[in-house]
Amino acid sequence: MLDPYNRDINYLRISVTDRCNLRCTYCRPMEGISLTGHEDILRYEEILRVVSRAVALGFVKVRLTGGEPLVRRGFVEFAAELKKLKGLEDISLTTNGILLEKYADAIFKAGITRINISLDSLDRDKYRQITRGGNLDDVFNGIAAVEKAGFSPIKINTVIVKGFNDNEVMDFARLAMGKPFQIRFIEIMPVSSVNTGHAEDFLPNRELMETIGRHFRLAPLAGKKHKSDGPARIYTLQDGRGEIGFIDPVSDHFCATCNRLRLMADGKLRACLLKDEEVDLKAALRRKCGDGELDDLIGRAVRLKPEKHDLDCTDRHLKKCHRDMSDIGG
Ligand code: SAM
């Protein structure tokens, strides 16, 4: 489906739950968020219906996220049903990895073979701090489980917070030397109520790249190696087995190539991560609307896509949207 700026919108990110087993400091408020009641969360069969209409309209790619998708009961069975949808070419998962040791095999068998694992520190104490209680060993065991199960590619998403984990940039880069992982540095965004000190926390990826470039030879990867590379700038490391990716939503907008909509757990379809325009699908789904009405609602969200978001490094990053990232699904 073409949006008003001629972009082909064919990628749906789905937050299957707003619940999470971590409380990352830059993502979720300490007290938690006001969770959507179970009745108000889209049922799996409703999500499947939305995806099947989206696929009929030309969507080919889905990413499952959250909250933490693996905390929702029945997730594996849902993934297996999603996999059966004809025309859906690519299904991937973003997870914090805490429950992966338990679920890696089952998810893989269900048909999800691409995975992004969020990991912001390789130091146990710091990991516990930034996640407010997470156990790093759970994530390491999860990563070992996805390697063993055969996932490919395995991507590690890292948000660097200035003055907190910027001293670990090289440790993360070294991970990509020894393992065939893609380590992706994502610039911290002032999305939610928790990022009030964003200008102080923010470090442009350009600086991380300079740091890594002082130790390793980085060569830009021409074209996309993986279908799921999206807006990341990917570099190979000389003599390394993995890659480094940089995702720069703050310092270098990639809105011109944005191809996505976001379906949230409460049934709202969001046109842009950083803008609050949404279309409600749940009401229509619950009164068993026809396919035509659902198609119109998806089309309305596509038409709501702005040309670009207005995050700007020069205005001290004050622009925010009302939802927390843990709600939108990243
Ligand atoms: N629980 C899953 C996880 O941890 O990957 C999925 C949801 S989480 C919201 C998805 C991604 O959003 C994570 O990689 C997280 O680091 C990222 N994220 C959350 N808040 C962010 C922010 N303010 N700026 C940049 N990335 C953020």
Side-chain angles (χ1 to χ4, degrees), residues 13-29 32-33 62-72 75 92-100 103 107 112 114-121 127 130-136 138-139 142-143 146 154-162 164-165 172 182-205 208 228 230-232 245-254 260 262-265 270 273-274 309 311 313 317-330:
R13 293 178 68 103
I14 304 173
S15 173
V16 297
T17 178
D18 56 356
R19 269 103 178 136
C20 190
N21 45 2
L22 296 178
R23 298 263 173 285
C24 297
T25 49
Y26 57 84
C27 183
R28 211 168 171 98
I33 55 171
V62 159
R63 174 170 294 278
L64 302 171
T65 174
E68 171 49 41
L70 296 183
V71 301
R72 181 159 176 186
F75 177 82
S92 53
L93 172 70
T94 297
T95 170
N96 59 32
I98 295 287
L99 294 174
L100 265 183
Y103 288 117
I107 299 166
I112 301 183
R114 304 168 185 277
I115 198 156
N116 287 19
I117 302 168
S118 305
L119 175 60
D120 300 328
S121 180
Y127 183 78
I130 198 162
T131 58
R132 296 201 180 96
N135 179 355
L136 184 59
D138 292 340
V139 188
I143 294 174
V146 292
I154 297 171
K155 300 183 181 181
I156 310 283
N157 285 354
T158 301
V159 173
I160 294 293
V161 182
K162 190 174 177 179
F164 180 76
N165 57 355
F172 277 104
Q182 187 181 94
I183 308 292
R184 296 144 57 97
F185 295 103
I186 307 177
E187 286 179 346
I188 190 167
M189 291 179 274
V191 172
S192 62
S193 52
V194 290
N195 286 300
T196 46
H198 183 258
E200 287 71 42
D201 292 341
F202 177 73
L203 220 119
N205 268 343
L208 310 190
S228 53
F246 298 97
I247 304 181
D248 319 328
V250 180
S251 63
D252 178 20
H253 300 182
F254 35 76
R260 51 190 75 174
R262 293 179 157 80
L263 178 64
M264 281 160 298
R270 195 174 170 94
L273 171 68
L274 295 159
H309 62 70
L311 247 193
C313 294
H317 315 173
L318 290 176
K319 169 74 186 135
K320 286 191 224 133
C321 47
H322 80 273
R323 288 205 193 235
D324 285 309
M325 192 71 145
S326 58
D327 196 8
I328 305 171

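Source: prediction; values computed, not measured. First listed ligand is number 1; within each ligand, the first listed atom is number 1. Sequence positions, counted from 1, serve as the residue numbers for this chain.
Within the listing of ligand 1, atoms 6 (C), 7 (C) sit less than 4.0 angstrom from a heavy atom of Gly66. Heavy-atom proximity to Cys27, at under 4.0 Å, picks out these atoms of ligand 1: 9 (C), 19 (C), 20 (N). Interface of Val159 with ligand 1, defined as ligand atoms under 4.0 Å from a residue heavy atom, comprises 16 (O), 26 (N).
On a distance-only criterion, Asp120 and ligand 1 share no N/O pair closer than 3.5 Å. The shortest N or O to N or O distance between Gly67 and ligand 1 is below 3.5 Å. Of the N or O atoms in Thr65, none lie within a sub-3.5 Å distance of an N or O in ligand 1. For the pair Met189 and ligand 1, the shortest N or O to N or O distance falls below 3.5 Å. In terms of N/O distances under 3.5 Å, ligand 1 is not approached by Thr94.
Residue Thr95 touches ligand 1 through its backbone alone, judged by heavy-atom distances below 4.0 Å.
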Would you please test Thr95 and Thr65 for side chain to side chain contact (heavy atoms under 4.5 Å, CB included) and show each step?
CA-CA 7 Å; Thr95 170; Thr65 174; over 6 Å; no
Go through the steps for Thr94 and Arg63 under the test side-chain hydrogen bond (donor to acceptor under 3.5 Å, both in side chains), then give the verdict.
CA-CA 7 Å; Thr94 297; Arg63 174 170 294 278; 2.9 Å; yes
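The main-chain N or O of Lys155 is never found under 3.5 Å from a side-chain atom of Asn116 such that the two would form a donor-acceptor pair. Of the possible polar contacts, none joining the Gln182 side chain to the Ile154 backbone as a donor-acceptor pair under 3.5 Å is found.
Atom CD1 of Ile117 is separated from atom CD1 of Ile156 by 5.0 Å, given to the nearest 0.5 angstrom. Note that CG of Asn135 is 11.5 Å distant from CG of Asn21, once rounded to the nearest 0.5 Å.
Remark: Asp201 pairs with no residue by the salt bridge (charged side-chain N to carboxylate O under 4.0 Å, His left out) rule, at least two apart or across chains.
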